[in-house]
Amino acid sequence: MSSMKCTTTLVSCAIFQTKIGWCAVVATGKAVLRIVIGFSEREQLLKQILKEFGSAIEKKPARMSITGEMKQYFSGKEVFLNCAMDWSSLSPFQQKVYKAAMKVPYGTVDTYGNLARRIGCPKGARAVGGALAKNPFPLVVPCHRIVRGDGSLGGFSARGGSVLKKKLLRLERVNRRFKG
DNA sequence: AACCCGCCCAACT
DNA sequence: AGTTGGGCGGGTT
């Protein structure tokens, strides 16, 4: 259990509905702590956030530019999603993986194995998958663009699973069809 | 240190 | 399409 940032820093939360379900951005004044996507029920999303951040959550929603960019993204526009993120609790390996994943362009896919090779860990495909499974910043760190080397889709740990992964790739007009 | 697990992969059957 | 053993990072005893 990693120690969470439960100091007196106020943590705000924006919740909004999209075509792929209820989403949320949790942030301090300085950086985004967590992005949550794909909940069909607002109530469940709230529950999840409360579980992760407890009562540190500020009730009133903050306006954050990333939420606007996400809405653009869901409308089908090709946007490069980026924001200030708090990576302080991430392992060096996770940071390397996420940095590499962010270089995979909109509308394209790459494989876990390639990503592993790119960060100098040629046999670490599975470890890369493990790191992406813990991705606190879905969409901004586009782990949905990473698929398996055998031509199948691969997993997706966010709410909605691989069904959502496929939806996101279709939204980005990735035309490839996946085995499975 | 040892043990498990996972968004994997290549090489099989 | 399904199985197997290897490989790697991380978390848990």
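Just so it is clear, the model here is predicted, and its values are computed rather than measured. Order of the sequence lines fixes the chain letters, A, B, ..., with proteins taken first and strands second; residue numbering starts at 1 for each chain.
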> Has the side chain of A/Arg173 got a donor or acceptor atom that lies under 3.5 Å from a matching backbone atom of A/Gly76?
Replying inline: yes
> Under a 3.5 Å cut-off for both distances, is C/dG7 Watson-Crick or wobble paired, and to whom?
Replying inline: none
>> Rounded to whole Å, how long is the line connecting atom NZ of A/Lys123 with atom P of C/dG9?
In response: 12 Å
> Do you reckon A/Tyr106 sits in the same ILVMFWY cluster as A/Leu132, going by side-chain contacts under 4.5 Å, direct or chained?
Replying inline: yes
> What does A/Ser162 touch in the nucleic acid at a heavy-atom separation under 4.0 angstrom: a base, only the sugar-phosphate, or nothing?
Replying inline: nothing
> Quick one: does A/Ser162's side chain have a donor or acceptor within less than 3.5 Å of a partner on A/Gly155's backbone?
Replying inline: no
> If you measure from NZ on A/Lys71 to NZ on A/Lys77, what distance do you get to the nearest 0.5 Å?
Replying inline: 15.0 Å
>> Please report the interatomic distance CD1(A/Ile49) to CD1(A/Ile57), rounded to the nearest 0.5 Å.
In response: 6.0 Å
Please enumerate all protein N or O atoms sitting under 3.5 Å from an N or O of nucleotides 2-5 of chain C, with distances to 0.1 Å.
none

> Considering every strand shown, what is the Watson-Crick or G-U wobble mate of C/dG2 when both distances are under 3.5 Å?
Replying inline: B/dC12
> Could you state the interatomic distance from OG (A/Ser91) to NZ (A/Lys134), rounded to the nearest 0.5 Å?
Replying inline: 6.5 Å
> What are the 5'-most and 3'-most nucleotides of DNA chain B lying under 4.0 Å from any heavy atom of chain A?
Replying inline: B/dG6 to B/dC9
>> Students often get this wrong, so: under 4.0 angstrom with heavy atoms, is A/Ala125 touching a base, only sugar-phosphate, or nothing?
In response: sugar-phosphate
> Around atom CD of A/Gln44, are there more than 12 heavy atoms of other residues, nucleotides or ligands at under 6.0 Å?
Replying inline: yes
>> Distance check needed: C/dG9 P versus A/Tyr112 OH, whole Å only.
In response: 17 Å
>> Taking any heavy-atom pair under 4.0 Å as a contact, classify A/Gly149: base, sugar-phosphate, or nothing.
In response: sugar-phosphate
>> Any base atoms under 4.0 Å from A/Lys134, or only sugar-phosphate, or nothing? Heavy atoms, all strands.
In response: sugar-phosphate
> Could you give the distance from OG1 (A/Thr28) to CG (A/Asp86), rounded to the nearest 0.5 Å?
Replying inline: 7.0 Å
> Nearest 0.5 Å, what's the OG1-CD1 distance between A/Thr67 and A/Ile15?
Replying inline: 12.0 Å
> Separation of A/Leu90 atom CG from C/dG11 atom C1', in whole Å?
Replying inline: 15 Å
